[in-house]
Structure formats: structure tokens, C-alpha cells
Amino acid sequence: MPKPPKPRKNLEDRHNPGIEGRREHRPDLVGSSPGGSAPRSGAAPHPHSSRVSALRPWGVVGAWVGRGVCQRRRAHGKERSQLEREALGFREGGTGMFASGWNQTVPTEEAGSMAALLLLPLLLLLPLLLLKLHLWPQLRWLPADLAFALRALRCKRALRARALAAAAADPESPEGGCSLAWRLAELARQRPAHTFLIHGSRRFSYSEAERESNRAARAFLRALGWDGGPGGSDSGAGSAGEGERAAPGAGDAAAGSGAGLAGGNGAARGGGAAALLAPGATVALLLPAGPEFLWLWFGLAKAGLRTAFVPTALRRGPLLHCLRSCGARALVLAPEFLESLEPDLPALRGMGLHLWAAGPGTHPAGISDLLAEVSAEVDGPVPGYLSSPQSITDTCLYIFTSGTTGLPKAARISHLKILQCQGFYQLCGVHQEDVIYLALPLYHMSGSLLGVVGCLGIGATVVLKSKFSAGQFWEDCQQHRVTVFQYIGELCRYLVNQPLSKAEHGHKVRLAVGSGLRPDTWERFVRRFGPLQVLETYGLTEGNVATINYTGQQGAVGRASWLYKHIFPFSLIRYDVTIGEPIRDPRGHCVATSPGEPGLLVAPVSQQSPFLGYAGGPELAQGKLLKDVFRPGDVFFNTGDLLVCDDQGFLRFHDRTGDTFRWKGENVATTEVAEVFEALDFLQEVNVYGVTVPGHEGRAGMAALVLRPPHSLDLMQLYTHVSENLPPYARPRFLRLQESLATTETFKQQKVRMAEEGFDPSTLSDPLYVLDQAAGTYLPLTPTRYSALLAGDLRI
């Protein structure tokens, strides 16, 4: 019996970076090390010596954006390899439905008749099967589920094609750089005259955006000691491994593999002066939303440097904490912030930060005008290899969490996430010719990654506002012919609370995309400003899971169809709010929720959806990873959010795990209580939270209220409405009347701070009220009633 021939390795495997990425073992992607991706042993290959260095970073993209999307064309007459034949389901000389692939032919009419006969009984039995499985409620949404699944697959295929094209590009060209660099260069080539950005009276095309960011990149590269000259190419920069490019004090891998621009001693190539920055350093931006923010961000990316987006309201301790946590080596600040930052300047200099101002003016000693340096540079492209990452999961950006429960944390954003966000608007059904209105802070993920990067993904136009104005919104939409509005829920609330205006009629806005829109505001927004579609989404800055309500079902944040979960996997598991832990069965595994039951949203951590954690110590990511969720050894990301999936497969936000509290032995969801209050026409805003009451278990509900002008507070109507719509344990025991609610700069309500302030009338100047169940109303909380409450004489 002759020996079977040795299996021959498919040549396509060696050239397909997607296959290479799937075979490569990367344990660091499961978040086991908070320091991000581990540095590779040995020096990185020189970017000019081999295409391996350009192909390697995109290996994982082949896995993320779909497998086997494209295959090379086989030469005429060349036989398929055994591996190809098996992958396609063909077996020579075999039997079955795939046997006809190469050597058999089945008449078309006969095959069609046989297929119809086989499928007919199944089609007849399908309704009975669906009835038995109670799938009828979800069946009506199947066309929408299928349509979105196809759109998602097309999006992944397009992103994979872009990534492979970048990997195959000349490393000297801008198309060979990081995902931001090559996408902007691609748009400047494909749509040079199309308007990318509108800010006030200024307009910038994609070609102008490319040139402005090139100038910024060259200014930062000069600070690194690189002198590429007017022609745009350097005189032979050598490469360095990631370990050499790590920023001092940052404690993690650098942004990319790019060249060791200034050499080991940091001396500039041209004049011998010491370089201001080390390769791979982190530069923090403390700037308002504007064109300069974008050019500097894009320029830093092209220079192979990491960017840290610092919230503009931070000063003193929180500001210094953020800069230390991300290992920043330089800070670019707006001139208008210098006065408020003056007390912080000694501490900033003491940290060794290089300080730049983004504009002219009278600056303190040691602070130079960065924009003047940028304008002096030429606008030619910079080599792509300077920003090309060693791995697509390398950190390229830091975005700080909102800090509602403590000091902000620097979430790591990878090149992979930047690439994924380029597909956001495509998933939402937005097109090239759309005009997107963006009035969100750029230091927030919604503004920068979803708004700006998402716009780059489709090559559309973005109208950027430094600050949201509800009174100016519809006039802006009319002036710029806006078709898409990106929101955070509170912005929509501001709009529906505005007086009627002529500008809100006849607009061209067809789609509102965002998150945090409450059902009551949703209904009022559509009824008043429609017809338009609201597309509510859910996601976290540091998370690896996102949902999109592509059907427009009011109040939902997404779908949990099997099609969606096959493409973007996640689960809802039972959660015990009293101990703050998931509920596990006797085997130690988590338990999936039933329809209508609140559950903790978790998502599997994998190469395709990694969790990179935060800059700093491993304790910052404590509790974010759950192990042995459904089987031994698996790892899931813990979102910290409770969601509900109804019997039709729609996901609805329930509450934050830290916001839900227990009172009288029952769980109280703050969002559900707030929705009941918001149904009252005299209330404009509501913030519900739990407060500790001496002598009582758990936390009692308290609601901060803002009246809608010109209404006054009707305590009797409020009590009647609450008692009719909420169970006794969920009725807030205390009310606090305020002029406006305390929120973060990303419009999130300050629940923790409000809970800490409590309900003591001697320390709070706001009017306070307490629930008197015997009297059947809310009464003013006077010092006398407060003392009676503490003594146990007033029952709540």
C-alpha cells in the first residue's frame, strides 16, 4: 500500500496575515497583564528589511473582521490543494451533497425538484416548531436581524480589506502607518476636496486635514530629534523594539514599532540638541473641541506617540493624578486655561513635563506656542513606518473614565479599537454624503472615537461644536444641512425643554445616534422633532462589547438575537446586588438570566475582543474580569451594568450595579424610579440615589428634583403619582429640590456625591422633604423632623 503523500503547506497561509494572526499565540490579549501587550523578545525588525514587520500587526485583524473573506485567484490549470478542497467541502470520490464539486454533475431541474420535496415537510412543520419554542414574538424582527447581520459582515470585510491594504503598503508611504494615518491619507487621495470638518465659519477638506496633521506630526517628530527634511523622508532612522520606546514612568509598551528616531542618547539628528521627547512617549491634550485638537491628535498618531485626552475641567489633584497615571511626558494646553492652571504650574514642572500652549499669547516662562512651531513645518507626508504598531493591540491612546465613583482612570485604547470604531457609522446606516452634528467633548469616547473616527470610517462631513447650545442647535442644523445628530441623552432632554422655534421645522435630520436617552424623553423628542429615527447604542470606553438598537424600538439599547450574539457575543448573568457578586451554581459557574430578569452584562475576552485595562497598577482593573463564568478557564469582561432582555429579544438598560440599592429587603433600580418621576409634567430633571439612614438596614431612596418653568412643586400630586406607580419599598423617602442637577462634563449624574451629602437640613441649603406615610404626603424636612427621624420617632 503506497504511503500517502505528505500534506503540503498551502502557500496562501504564508502570505495571509489573517491566518498568521489566528495561529499566533497571544496570552496577553485576555487582560492577564494590566500593562497591555508584552514586549517581544529581541529587537524589532527594521521596517525596510522585510514586509513581515508591516504584516505582523494586522494578523489579529483577519480573525476579527471575518475569516476567509478574500482568496487569491488560482492560476489557470492549477489544481486546488488538499487543504483548499477540504475547506470547501469537496471530497474526491466521496458521496453526499458536496461530492459533485469536482467530478460529478447533477441535472439542475432534478436537483431542484428533490430539494423542494425535502424542504416541503420542514416548511409545514416550521410554524408548529416555532409555536412550541415560543419564538413567534421574535420572528417579526428576523428580517431586521438578518439585514443588520449582513451589514455587520460587510463592515468587517471592508475593515479587513483596509487593514490588509495597509499591511501591504510601502512602509515609506503614509498608507503604511497606523490605522488613523493610513485612513486619513486614503481619504485625502480619494476625496481630497470633500469637506471633512466644519467649525464655526471654518471649513477643512480631507486634503487640508491631511496637510495640517502632517505639519503637526513633523513638529512632534522634531521634538523627538527627527529631521526628515522638506522631502518628507529621513536619512535612515534605525528601528527599536517596544521596550526602547516606552515612555519613562508609563510602565507599558509603547504605541508602535516605529523607528528609534533619536537613537539611544536622545540626541537630535540634525543639530545635536537634546530631544524633548522619547520615542513612544505620551503627550496629554488639555484642549476644547476644535480643529487644533484634531490636527494635534492625528499628528501625534503619525509620529508614533501616544495621546492622552484630559477632561478640560480637571485641576489640582485630579489633573495631576491623570497625568501621572498615563505617564505623560508633555502637556498641550489651551491658552484660555492658563489662568486657572497657574496654581498647578509648579507641580507640572516638578513632574518634568514639557509644556506647550496651543496658540499665541503672553505665556509664562518655559511655555512655548506649539501652533507656531506647527505652522513653520512643511505639510509633506511622513513615513508610515514611524507609526506602524508592533501589534494591533498596542496602546495608542488614553481616555479617562468619568470619575463618578472616584478619581478618573486612564483606559487603554488600542489600534484595534481605533480600527473597529471606523465601522461605527457604517453599522448605523450613515453614508458618505451625510453631515454629522457633533457637540460632545472630544476627550470622551463618544466624541472622539465614535464621532470623529466613525466619520473618517465613511468619509463624511462632521460639524464640530466646542460647546452644545440647545437654543442654537436647530439653526445650525438648517445652516449646515445636518442629517445625523450624535447625542448623549441629556442633550435631547435639553432640546425638548426648549421653547418652540421656527428652526426646528423643515430640518433634514433623519437620524439621531447616541446613548443614555430615557424613554420619556425619547417619545417627546420624536413626537416634536420627527419624523426621524433614534438609534440608541450601549458601550463602555474600556469595554469589549457594544449593542445597537438598529430597529429603533423605543426604550431599547440593542438586540439579543442569536445572529447579533454570534457576531458580537455577550451574555446576561444573574447578579446579587446585596453582596455585589454574580450568582453561581453548585459547580461554581454563573447562571444565565431568563427573559424579563435583570442580569449583569458580560462579554468573553478573546483575541478579537480583548480587555486592555487601565494605565497604572493591576488593582485598577480589579473586578473587571470574571473567570469560570460558563466553563472552567473562560474569562469575561464585567461591564458593571444590569440589563434586561424581554421576550422579544430587546435589551433595556436597568441600572448600574453600584446604583441599585436595597431597601426593606427589596432591590430598587434608580432608573425605574426616575422614569416614574419624569412622567410628571412639572418636573424637568430627576436624579434618584440611595442614602444611608442611621438605625436602618440598606439605603433609603432619595430624589433630587428640578422643576420645569414656570411650574411649582405639587407635593400632593407627586405623592399620589408615586404611590400609584411604585411599590412601597421603591418610593423615595426623601426629596431635594435643586436649581440644576450636578453632572460630570460628559453629562452623567453625580449620584455618589449626592448620596454622600445625605439629607441633613442643617448642612444643605436646598429645600428638603420627607415621606410621611401616615399623612399620605411629603412634608418639609425640618430640623425637628430630622431629629425625630434619628431618634426613631418618625417612621419612614
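Keep in mind it's a predicted model, so treat the numbers as computed, not measured.
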Is there a donor-acceptor pair closer than 3.5 Å between any side-chain N or O of [X] and the backbone N or O of [Y]?
| X | Y | value |
| --- | --- | --- |
| Asn638 | Gly623 | yes |
| Arg315 | Thr312 | yes |
| His415 | Pro389 | no |
| Ser448 | His444 | yes |
| Ser387 | Cys178 | yes |
| Asp628 | Gly633 | yes |
| Ser609 | Pro604 | yes |
| Arg662 | Val577 | no |

remark   = So side chain to side chain donor-acceptor pair (under 3.5 Å) across residues 589-604, not counting sequence neighbours, yields Arg574-Glu597
task = Please collect all side chain to side chain donor-acceptor pair (under 3.5 Å) contacts where either partner lies in residues 535-549, sequence neighbours excluded, each pair once.
result = Tyr487-Glu536, Tyr538-Asp641, Glu542-Tyr614, Asn549-Thr551
Do the non-hydrogen side-chain atoms of [X] and [Y] ever get within less than 4.5 Å of each other?
| X | Y | result |
| --- | --- | --- |
| Leu601 | Leu642 | no |
| Ile392 | Ser414 | no |
| Phe309 | Trp297 | yes |
| Leu600 | Leu626 | yes |
| Leu341 | Leu319 | yes |
| Trp663 | Ile796 | yes |
| Leu491 | Leu440 | yes |
| Leu651 | Arg559 | no |

With rounding to the nearest 0.5 angstrom, report the [atom1] to [atom2] distance, [X] to [Y].
| X | Y | atom1 | atom2 | value |
| --- | --- | --- | --- | --- |
| Gln426 | Cys155 | CD | SG | 4.0 Å |
| Phe400 | Ser325 | CZ | OG | 4.5 Å |
| Glu581 | Arg584 | CD | CZ | 8.0 Å |
| Met702 | Phe661 | CE | CZ | 11.5 Å |
| Leu620 | Lys409 | CG | NZ | 6.0 Å |

Which atom of [X] lies closest to which atom of [Y], heavy atoms considered:
| X | Y | value |
| --- | --- | --- |
| Leu726 | Pro732 | CD1-CD, 4.3 Å |
| Gln749 | Asn687 | OE1-OD1, 2.9 Å |
| Ile573 | Pro582 | CD1-CB, 3.9 Å |

inquiry  = Just to verify, what does Pro598 make a side-chain contact (heavy atoms from CB on, under 4.5 Å) with, not counting sequence neighbours?
reply    = Val644, His654
request  = Return yes if a side-chain donor-acceptor contact under 3.5 Å exists between Thr670 and Asp655, otherwise no.
outcome  = yes
task = Indicate whether the side chain of Gln486 and that of Tyr425 have a donor and an acceptor atom separated by less than 3.5 Å.
result = yes
task = Name all pairs fulfilling the salt bridge (charged side-chain N to carboxylate O under 4.0 Å, His left out) condition that reach into residues 415-426, sequence neighbours left out, sorted by first residue then second.
result = none
Looking at [X] and [Y], does any basic side-chain N land under 4.0 Å from a carboxylate oxygen?
| X | Y | value |
| --- | --- | --- |
| Arg518 | Asp520 | no |
| Glu756 | Arg753 | no |
| Asp634 | Lys627 | no |

remark   = Phe637 meets the ring-ring contact (aromatic ring centres under 6.0 Å, His included) criterion, sequence neighbours left out, with Phe611
query = Given Leu331 and Val283, is the side-chain contact (heavy atoms from CB on, under 4.5 Å) satisfied, shown in steps?
reply = CA-CA 6 Å; Leu331 172 65; Val283 177; over 6 Å; no
message = Is it the case that the ring center of Tyr443 lies less than 6.0 angstrom away from the ring center of Phe293?
response = no
query = Is the ring centre of Phe148 less than 6.0 Å from the ring centre of Tyr564?
reply = yes
request  = Determine, stepwise, if the pair Arg652 / Asp646 fulfils salt bridge (Lys or Arg N to Asp or Glu O under 4.0 Å).
outcome  = CA-CA 8 Å; Arg652 302 178 189 275; Asp646 62 22; 3.6 Å; yes
request  = Apply side-chain contact (heavy atoms from CB on, under 4.5 Å) to the pair Val545 and Phe568, showing each step before the final yes or no.
outcome  = CA-CA 7 Å; Val545 59; Phe568 308 107; 5.9 Å; no
note = Applying side-chain hydrogen bond (donor to acceptor under 3.5 Å, both in side chains) to Asp766 and not counting sequence neighbours gives Arg736, Gln738
